Amino acid sequence: MAKESFKLIANNKKAYFDYFIEDKYEAGIALHGTEVKSLRMGKCSIKEAFIRIEKGEVFAYNMHISPYEKGNIFNKDPLRPKKLLLHRSEINKITGALATKGYTLVPLQVYLKGSLVKVEIGLGRGKKLYDKRQDIAKKDQRREAEKNFKIRNLY
């Protein structure tokens with residue numbers, strides 16, 4: 001079996017800073033032709049995006065896919081809600097977690113897997129301000145340690 005290609009289109013680093021991501025799911029996404037062409041060119045942003053479950057269907061809101069330059073009348077609204085494709089059992093599992101534990105759904109990354117566009121969504125619990133401060137402190141410590149290591153190895 002041939003190895004499938006993987007090309008990252010958009011990444012949401014802020015989601016890892018704002019949430020404790022506890023579970024990840026891979027979802028397909030229902031798109032129109034010009035949106036796929038635009039995604040292949042890397043024109044996508046998921047920084048302000050969020051995900052909701054409505055009537056048993058999963059939708060991504062504020063996911064910005066720039067209009068395709070050569071698309072004329074076939075271009076869709078860049079911020080239209082996009083339907084995410086998940087198995088019924090996964091949707092039920094996510095719905096249960098959202099209802100009981102106070103979790104939220106956030107898109108983590110958009111990528112091409114073979115010829116298909118996929119969205120990785122994370123089930124996350126919001127961080128408090130002190131958790132974010134701890135993360136910043138850890139990052140600063142790691143950066144300082146790498147800097148010291150680099151200086152030590154130069155001499």
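These values consider heavy atoms only, across backbone and side chains, with no hydrogens, waters or symmetry-generated copies. This structure is a prediction, so every number in the text was calculated from the model and none was measured. Each residue takes its place number in the sequence, starting with 1.
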| message | Testing the 3.5 Å rule here: is there a donor-acceptor pair between the side chains of E22 and Y103? | response | yes
Does Y111 share a hydrophobic cluster with L86, counting links as ILVMFWY side-chain heavy atoms below 4.5 Å and allowing steps through other members?
-> no
Ionic contact status for E57 with R52, cut-off 4.0 Å: no
Between G122 and I21, the two heavy atoms sitting closest are CA-CG2, 4.1 Å
inquiry  = Would you say I51 ends up clustered with V106 if hydrophobic residues are merged whenever their side chains have heavy atoms under 4.5 Å apart, either directly or through other cluster members?
reply    = no
CD (E26) and NZ (K118) are apart, to the nearest 0.5 Å, by 5.0 Å
Scanning both residues in full, the closest heavy-atom pair of C44 with A10 reads O-CB, 3.9 Å
Closest non-hydrogen contact found for N12 with P107 is ND2-O, 3.0 Å
Is a side-chain donor or acceptor of K7 paired with a backbone partner of R40 at a separation under 3.5 angstrom?
yes
- Taking the six-membered ring for Trp, are F50 and Y61 parallel (under 30°), tilted (30 to 60°) or perpendicular (over 60°)? parallel
To the nearest 0.5 Å, atom NZ of K139 lies from atom CD of Q134 at 14.0 Å
Shortest non-hydrogen pair, G42 vs I9, comes out as CA-CG2, 4.0 Å
> Okay, side chain of S45, backbone of H64: is any donor-acceptor separation there less than 3.5 Å?
Replying inline: no
Heavy-atom closest pair (I91 atom, T95 atom, distance to 0.1 Å) is O-OG1, 2.7 Å
Sorted by chain and number, sequence neighbours left out, side-chain hydrogen bond (donor to acceptor under 3.5 Å, both in side chains) with R143 holds for D140
### Query
Do the side chains of L108 and I65 join up, straight or via other hydrophobic residues, at under 4.5 Å, putting them in one cluster?
no
Of E144, K138, E146, the one forming a side-chain contact (heavy atoms from CB on, under 4.5 Å) with R142 is E146
*Establish whether L84 and L39 are linked, either directly or via other cluster members, by ILVMFWY side-chain heavy-atom contacts under 4.5 Å.*
yes
ask   = Are L123 and I121 connected in the hydrophobic side-chain network, where two residues link if heavy atoms are under 4.5 Å apart?
value = yes
Does CZ belonging to F149 count more than 12 external heavy atoms closer than 6.0 Å? no
